[in-house]
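Just so you know, these numbers come straight off a predicted model, no measurement behind them. Proteins get letters first, then strands, A, B, ... in listed order; numbering begins at 1 in each.
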Amino acid sequence: MVRVRFAPSPTGLPHIGNIRTALFNYLFAKHNNGKFILRIEDTDRERYREDALDAIIKGLKWLGINWDEGPDIGGEYGPYFQSRRIEIYHKYAKKLVDEGKAYYCDCSPERLKRVREEMRAKKLNFMYDRHCRKRNIKSDPTDPSTVIRFKMPLSGETCFDDVLRGKICFDNSTQDDIILIKSDGFPTYNFAVVIDDHLMGITHIFRGEEFISSAGKHKHIYDALGWEPPKMVHLAMILGKDRSKLSKRHGATSIMEFAEQGFLPEAMMNFLALLGWSPKDDREILSKDELVERFSLDGLSTKPAVFDIEKLEWMNGEYIRMMEVEKLTENLIPYYRKWGWINGEKYDVEYLNRVSAAMQERLKKLTDIKELGFYFFQEPSGYDEKGVRKQFKRDRIPWMKFVLEKFENLDNWREEKLEKVIAEGMEKFGVGAGKLIHPIRLAVSGLTRGPGLFELLEILGREKTIARIKRAINWIENNVEE
RNA sequence: GACCUCAUCGUCUAGCCAGGUCAGGACACAGGCCUUUCAAGCCUGUAACACGGGUUCAAAUCCCGUUGAGGUCGCCA
């Protein structure tokens, strides 16, 4: 049985790099009918953030990544918070000390800092000088004046197998006597991860390549405990547009910021899956089920990938276009509320659906409708500048007045009827359709672009159309020179 | 600095492991078609094997080196 885990630390909001790691774990588990486990690595009390756990859970759920065992739902390998597993770590740490494979150390942070600076001055690798290694201090994991350190072999070489990269080796002389238990009694990541992965029966570890260098150290701990390490898969990183590590500078980094910006979880999952993994054929739009079905180790890349938001936007647009109109409306409603376009429980779903249908193929993100479709909900507060120059010339006024009058007397406010009015105007004034259509569009929407004019007007309704055309004529008379 | 990882269009990538294809697809970009505008859709185009050696009849593909990029070197994860 395949068992994989996503093991975030609640020290910050999850960004797309973390989430993609979670996704690959998830896809691999589901592809193999295995279990996906969520474990919270909350052993750093200094950097702990109250809101982080909630953000992690929210982000994963939003994307559609569900776990089989985890902090909120439990499971037979719990607890799934490392902070609740302290006795376990102490037990194994003591065992290692008893067997002479680890030792207590009372070096102060100040001394460590000094040693580090001295080594730096000599241009040596920064490592603990093993001052306590042979002192045989008697202590206890809970004693705040001591830590427990691991006795690294002093010579030789240690290797582990990375599923993607093959054998990776480190010279033991370069490996530090890492801390297993901190002075506050909490384990370090390096220790807890080994204990938990083993005890939780993890079969495969998918994590970022920034963990490659610690994997060598983990191997020693596995060996010391007589355990077999899980299979290791170190994923290539996700980089920003400038090829540097992803950070705040690159815009939205927290996964929920993408949700707020109007990206769809299905599109986000699809896009993230393709960052560092390839289905190896020409298909790019893949549903969650298809991703699970097709996910495989040999499609995984070892090369860092640049996060390209333009492709995400394209893909999101694809998903918006594939969506049922009613579903699109449902997705848009929270934004309409947020912007005050609809209030309370009473709104015209029929109207919203027609707006959705008209705007669907023009949206890349849900929030695009704020710029592109506001006029369905609000009076335009001004007119597009270029549009004014081209379409709001004074000689258009008679044409607009003609259309206005016809509209006022129309017996049936239907697209076909509206179109007929324009045709009549073309004939009467001997001009092309655009000469009438463009000024009317600008008058009712304030924009020079959008859905077909007759569709737009029919949705908007007679009352608003008439009022807006009148207002525009007035505006031209007052603002445009002869 | 030491150690580790990586290297195909601007970007995501297929091809590499089992050498022989005009190096394929997608985003973006440019042009065209459609069209009342904008989108969408369709068609076309520009664009890459980091460099240098070697092995071989033949190298994007195998080997070595160089360069470049990234990562790690915490009582962070």
Side-chain angles (χ1 to χ4, degrees), chain A residues 7-12 41-44 46-47 105 107-109 112-113 116 120 122-128 144 146-149 162 164-166 168-171 174-176 178-190 192-193 207-216 234 236-237 239 241 243-245 271 274-285 298-299 301-315 317-318 321 359-364 372 387 391 419 422 432-438 440-442 445 447-454 456:
Chain A
S9 148
T11 50
E41 309 219 322
D42 55 347
T43 53
D44 183 348
E46 306 237 325
R47 297 195 308 155
C105 173
C107 288
S108 66
L112 260 19
K113 197 178 164 205
R116 216 170 280 138
R120 182 195 293 256
K122 287 186 213 157
K123 294 203 162 181
L124 288 168
N125 222 359
F126 321 137
M127 271 172 60
Y128 172 57
T146 58
V147 301
I148 298 179
R149 282 183 184 273
D162 182 278
L164 263 28
R165 300 160 202 263
I168 297 175
C169 299
F170 299 93
D171 214 317
T174 65
Q175 304 292 73
D176 209 348
I178 53 168
I179 290 174
L180 267 21
I181 302 290
K182 302 183 256 184
S183 56
D184 63 6
F186 278 67
T188 57
Y189 161 77
N190 288 126
V193 74
R207 77 230 302 185
E209 69 177 305
E210 64 267 32
F211 292 99
I212 290 180
S213 32
S214 37
H234 289 96
M237 320 245 320
L239 273 20
K241 194 101 193 161
R243 292 217 143 263
S244 72
K245 208 173 172 181
F271 177 76
L274 259 26
L275 263 193
W277 175 75
S278 164
K280 305 222 175 199
D281 62 17
D282 292 346
R283 290 198 50 208
E284 302 240 31
I285 303 294
D298 68 312
S301 168
T302 49
K303 185 192 157 196
V306 172
F307 177 75
D308 179 13
I309 195 150
E310 286 187 333
K311 186 155 183 178
L312 205 212
E313 287 178 349
W314 161 76
M315 191 171 275
E318 290 283 307
R321 270 169 254 132
M359 298 307 295
Q360 186 162 28
E361 66 196 23
R362 275 159 261 266
L363 304 177
K364 282 195 161 87
L372 302 178
Q391 314 300 349
E419 194 163 358
I422 298 298
K435 292 275 197 255
L436 297 165
I437 286 174
H438 298 317
I440 301 291
R441 172 190 298 286
L442 188 60
S445 73
L447 303 179
T448 56
R449 28 191 289 218
L453 182 70
F454 309 115
L456 192 166

- Item | Atom-pair distance (CZ on A/Arg243; P on B/C12), nearest Å | 5 Å

- Query: Rounded to whole angstroms, how far apart are CG on A/Leu312 and C1' on B/U11?
  - Reply: 13 Å

- Find the distance between CG (A/Asp308) and CD (A/Glu313) and round it off to the nearest 0.5 Å. 9.0 Å

- Let me know, please, whether A/Gly299 or A/Arg165 comes out on the 5' side of the other along RNA chain B by nearest nucleotide. A/Arg165

- What's the closest nucleotide to the A/Ile168 side chain, out of B/C4, B/A77, B/C12? B/C4

- Message: Rounding to an integer number of angstrom, what distance separates B/G52 and B/G45 when you compare their P atoms?
- Response: 30 Å

- Paired nucleotide for B/C49 [Watson-Crick or G-U wobble; both distances under 3.5 Å]: none

- Measure the spacing between CD1 of A/Ile309 and NZ of A/Lys241 and express it to the nearest 0.5 Å. 9.5 Å

- Taking the nucleotide of RNA chain B with the closest heavy atom to each, which residue, A/Pro187 or A/Phe170, is nearer the 5' end? A/Phe170

- Considering only heavy atoms and no angle criterion, is a donor-acceptor pair shorter than 3.5 Å present between the side chain of A/Thr174 and the base of B/C3? no

- For A/Arg165 and A/His234, indicate whether the former's side chain and the latter's backbone hold a donor-acceptor pair under 3.5 Å. yes

- Query: Expressed as a whole number of Å, how far does the C1' atom of B/A59 sit from that of B/C51?
  - Reply: 15 Å

- Hey, could you give me the CD1/CD1 distance between A/Ile179 and A/Ile148, rounded to the nearest 0.5 Å? 10.5 Å

- Please determine if a side-chain N or O atom of A/Thr43 lies less than 4.0 Å away from the OP1 or OP2 oxygen of B/A77. yes

- If pairing means Watson-Crick or G-U wobble with both distances under 3.5 Å, then the partner of B/G19 is none

- Message: Counting only Watson-Crick pairs (N1-N3 plus N6-O4 or O6-N4) and G-U wobbles (N1-O2, O6-N3), all under 3.5 Å, who is the partner of B/C34?
- Response: none

- Task: Identify the nucleotide, in any strand shown, that forms a Watson-Crick or G-U wobble pair with B/U11, with both distances under 3.5 Å; if there is none, say none.
- Result: B/A26

- Message: Roughly how many Å apart are B/G71 and B/A30, using the C1' atom of each and rounding to a whole number?
- Response: 38 Å

- Protein-nucleotide distance (A/Asp282, atom CG; B/C12, atom P), rounded to Å: 18 Å

- Item | A/Asp184: side chain to side chain donor-acceptor pair (under 3.5 Å) partners, not counting sequence neighbours | A/Arg45

- Item | Atom of A/Met359, atom of A/Pro451 and distance for their closest heavy-atom approach | SD-CG, 3.8 Å

- Mind checking the P distance from B/G24 to B/U67? Whole angstroms is fine. 33 Å

- Note on the structure: Whole-Å distance, A/Leu274 CG to B/C12 P, equals 12 Å

- Item | Per A/Ser278 side chain, nearest of listed nucleotides B/C12, B/U13, B/U5 | B/U13

- Message: Distance criterion of 3.5 Å, no angle test: do you see the side chain of A/Lys280 paired donor-to-acceptor with the base of B/A14?
- Response: no

- Query: When rounded to the nearest 0.5 angstrom, what is the spacing between CD1 in A/Ile181 and CZ in A/Phe186?
  - Reply: 10.5 Å

- Interatomic distance at C1', B/G68 relative to B/C57, whole Å: 34 Å

- For atom CG of A/Asp44 and atom C1' of B/G74, their distance in whole Å: 10 Å

- Item | Spacing between A/Asp308 atom CG and B/C9 atom C1', to the nearest angstrom | 13 Å

- Taking atom C1' in both B/G1 and B/A47, compute the distance separating them and give it to the nearest angstrom. 39 Å

- Message: Looking at A/Arg441 and A/Gly452, would you say the former's side chain and the latter's main chain have a donor-acceptor pair under 3.5 Å?
- Response: no

- Query: Does B/A58 have a Watson-Crick or wobble mate here (both distances under 3.5 Å), and if so which one?
  - Reply: none

- Item | Rounded distance [0.5 Å steps], CD1 in A/Ile285 versus CZ in A/Phe271 | 11.0 Å

- In whole angstrom, give me the gap between the C1' atoms of B/A48 and B/U61. 15 Å

- Message: Taking pairing as Watson-Crick or G-U wobble with both contacts under 3.5 Å, can you name the mate of B/G70, or confirm there isn't one?
- Response: B/C4

- Given the C1' atoms of B/C6 and B/U66, what is the spacing between them in whole Å? 15 Å

- Phosphate OP1/OP2 of B/U8 contacted by A/Lys303 side-chain N/O (<4.0 Å): yes

- Closest of B/C75, B/U11, B/C3 to the A/Thr188 side chain is B/C75

- Rounded to the Å, how far apart are A/Ile309 CD1 and B/U11 C1'? 13 Å

- Message: Any strand counts, and the cut-off is 3.5 Å on both contacts for Watson-Crick or G-U wobble. Which nucleotide pairs with B/A40?
- Response: none

- What integer distance in Å separates A/Phe307:CZ from B/A26:P? 21 Å

- Message: Could you measure the distance from the CE atom of A/Met127 to the CD1 atom of A/Ile178? Nearest 0.5 Å is fine.
- Response: 11.0 Å

- Task: Report, as a single string ordered 5' to 3', how protein heavy atoms within less than 4.0 Å touch nucleotides 32-42 of chain B: B base, S sugar-phosphate only, - not at all.
- Result: ----BBBBSS-

